[in-house]
Amino acid sequence: MTETDMSKYEKKIIIRKIRVEDIDAIIALGKACFPNMDPWKREQLLSHIRIFPEGQFCVEYEDKIVGSCSSLIVNFDEYDDQHTWDIITDNGYITNHDPNGFNLYGIEVMVDPAYRRMKLGHRLYEARKELAVQLNLKSIIIGCRIPNYHKYKDEMTAREYVAAVEKHSIYDPVLSFQLLQGFTIKRINTRYLPDDKASDSMATLMEWNNIDYRPKSKRIYRTAFPVRICAVQYMMKKIDSFEDFIRQVGYYVDVAADFGSDFAVFPEIFTTQLMSFLEEKRPDQAVRRLATFTDQYIELFTQLAVRYNINIVGGSHFVEENGDIYNVGFLFRRDGTIEKQTKIHATPNERKWWGIAEGNDIQVFDTDCGKIAIQISYDIEFPELARIAVDKGANIIFVPFCTEDRQAYLRVRYCAQARAIENQVYTCIAGTVGNLTHVENMDIQYAQSGIFSPSDFEFARDGIVGECDANIDTVVVGDVDLEKLRRSRNSGTLSQLRDRRHDLYQIDWKSLS
């Protein structure tokens with residue numbers, strides 16, 4: 001008797017995260033599920049995957065996408081009781097997703113009509129609940145459609161209709177389903193989804209509570225979340241050894257730590273100071289010799305970060321990788337871990353004299369003071385990079401820079417201030433001063449380091465948290481408040497992030513790595 005091959009009878013149902021290659025199928029699914037409503041746009045789904053990939057699920061059955069759901073995290077108490085779908089989703093792009101929020105907000109569930117009665121919707125909700133437990137969120141909140149209400153609207157109010165569904169005297173395909181999933185009704189939102197004619201634009205706001213939720217100290221609502229930054233205006237002067245470099249750098253870190261700083265920020269390519277004792281006249285060869293100090297540089301700053309219990313943005317340093325030289329910014333966390341951001345746009349001067357290669361990735365780093373990004377000098381002059389970093393969660397963008405004259409410095413400064421306003425984010429610029437008379441292609445230095453905020457009532461006057469006097473060897477220390485920043489993004493005079501016209505324009509990042 002031959003053994004039966006059971007695999008040929010298997011039909012697997014797979015619940016997984018949505019991928020970019022699923023987008024066309026999900027758009028088609030939306031048209032099949034809601035023929036009288038606008039389907040997802042491709043750029044909206046791309047935004048979901050980029051901002052909160054963990055919250056986007058789909059059902060795959062026999063190699064076909066037959067269901068999907070989308071969600072984001074919010075602090076629900078910050079939204080109006082009668083909020084709309086457009087407000088809670090930032091017009092479907094979820095750029096208001098708050099990774100530090102308390103509530104998972106479900107914004108869409110779809111099941112192919114040809115595959116209903118297979119409990120696919122239930123499986124999607126189980127995936128959501130597992131995610132809420134995994135992320136330790138207080139609850140799941142949804143705006144639930146009432147698509148059969150149009151049949152009864154002439155004889156009863158929406159409230160009466162919802163009460164009848166709760167009593168099982170009327171069946172509603174969506175509300176009845178949600179009640180079975182353990183959701184309870186909080187209220188009725190009257191203008192939730194204008195193009196949902198079947199529900200008369202209304203929705204029932206419903207909630208499922210995570211009974212396993214464990215309050216954590218870091219998630220308690222804060223009246224303030226101060227972060228102290230020390231930006232170093234570094235004096236470039238001749239030194240005779242790496243030990244001299246250690247002495248000067250250690251002094252600045254000690255100063256920053258004495259002020260109780262959370263971050264010490266050094267300038268771009270300030271390690272070119274080491275060239276003053278290398279005695280290499282050819283710039284292209286000098287940077288390669290400088291790159292040989294990479295291990296010593298990393299070891300030094302790692303030790304300083306741990307010893308002084310301070311996060312250090314180690315300016316930038318020339319690093320050789322696979323025969324190419326890159327301008328790389330480093331983050332040295334106070335717990336001893338290290339991250340790096342390669343400069344994406346090399347200046348004409350960098351390419352001409354040093355042959356600097358360009359990076360291809362925008363990084364956002366987690367720290368004990370929130371998410372931060374590093375954009376080296378010229379990179380801050382490209383607004384797309386800051387927008388992408390903020391969409392990835394950055395609250396502070398650090399900008400190490402090295403400029404030779406006032407015009408070049410002002411390009412960096414004005415762009416950093418513009419990025420702070422455009423993206424409702426803090427920016428910090430740290431530059432070099434002085435000169436290296438013994439080094440080829442290192443001209444006179446010009447800098448006025450500073451810390452900048454958005455421009456609104458709750459922030460510093462003129463949007464300047466603090467700034468150095470120009471062209472002297474010093475530091476600037478200033479406090480930024482991440483809680484104030486978070487509240488401003490939700491209720492400031494203007495909301496540049498939320499008011500973007502995604503229907504007209506978008507940023508499409510093409511990763512080459």
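- Within the model, atoms CZ of Arg413 and CD1 of Ile380 stand 13.5 Å from one another, a figure rounded to the nearest 0.5 Å.
- Between Lys340 and Glu321 there is a salt bridge, with a side-chain nitrogen of the basic residue lying less than 4.0 Å from a carboxylate oxygen of the acidic one.
- In terms of heavy-atom proximity, Met202 sits nearest to Tyr192 at C-CB, 4.3 Å.
- With sequence neighbours left out, Tyr152 forms a ring pair (Phe, Tyr, Trp, His ring centres under 6.0 Å) with Tyr161.
- A 4.5 Å side-chain heavy-atom check between Phe459 and Gln424 finds every atom pair outside the cut-off.
- When only modelled atom types and interatomic distance are considered, Asp456 and Thr493 share a side-chain donor-acceptor pair under 3.5 Å.
- Among residues two or more places apart in sequence or in another chain, the salt bridge (charged side-chain N to carboxylate O under 4.0 Å, His left out) test is passed with Glu21 by Arg19.
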Next item on the list: Test Glu60 against Arg16 for salt bridge (charged side-chain N to carboxylate O under 4.0 Å, His left out), laying out the working first.
Entry: CA-CA 8 Å; Glu60 184 179 322; Arg16 61 170 173 81; 2.8 Å; yes
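- Two rings, from Tyr378 and Phe401, have their centers 6.0 Å or more apart.
- For Gln44 (side chain) and Lys41 (main-chain N/O), a donor-acceptor pair under 3.5 Å exists by modelled atom type.
- A salt bridge is defined here as a Lys NZ or Arg NE, NH1 or NH2 lying under 4.0 Å from an Asp or Glu carboxylate O, and Lys343 with Asp379 fails to meet this definition.
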Next item on the list: Give the C-alpha distance, both sets of side-chain angles, the deciding distance and a yes or no for salt bridge (charged side-chain N to carboxylate O under 4.0 Å, His left out) between Arg489 and Asp98.
Entry: CA-CA 11 Å; Arg489 288 177 174 178; Asp98 183 356; over 6 Å; no
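- One distance of note links CG of Asn209 with CD1 of Ile140; it measures 10.0 Å at 0.5 Å rounding.
- Between the Gln375 side chain and the Leu385 main chain, a donor and an acceptor come within less than 3.5 Å of each other.
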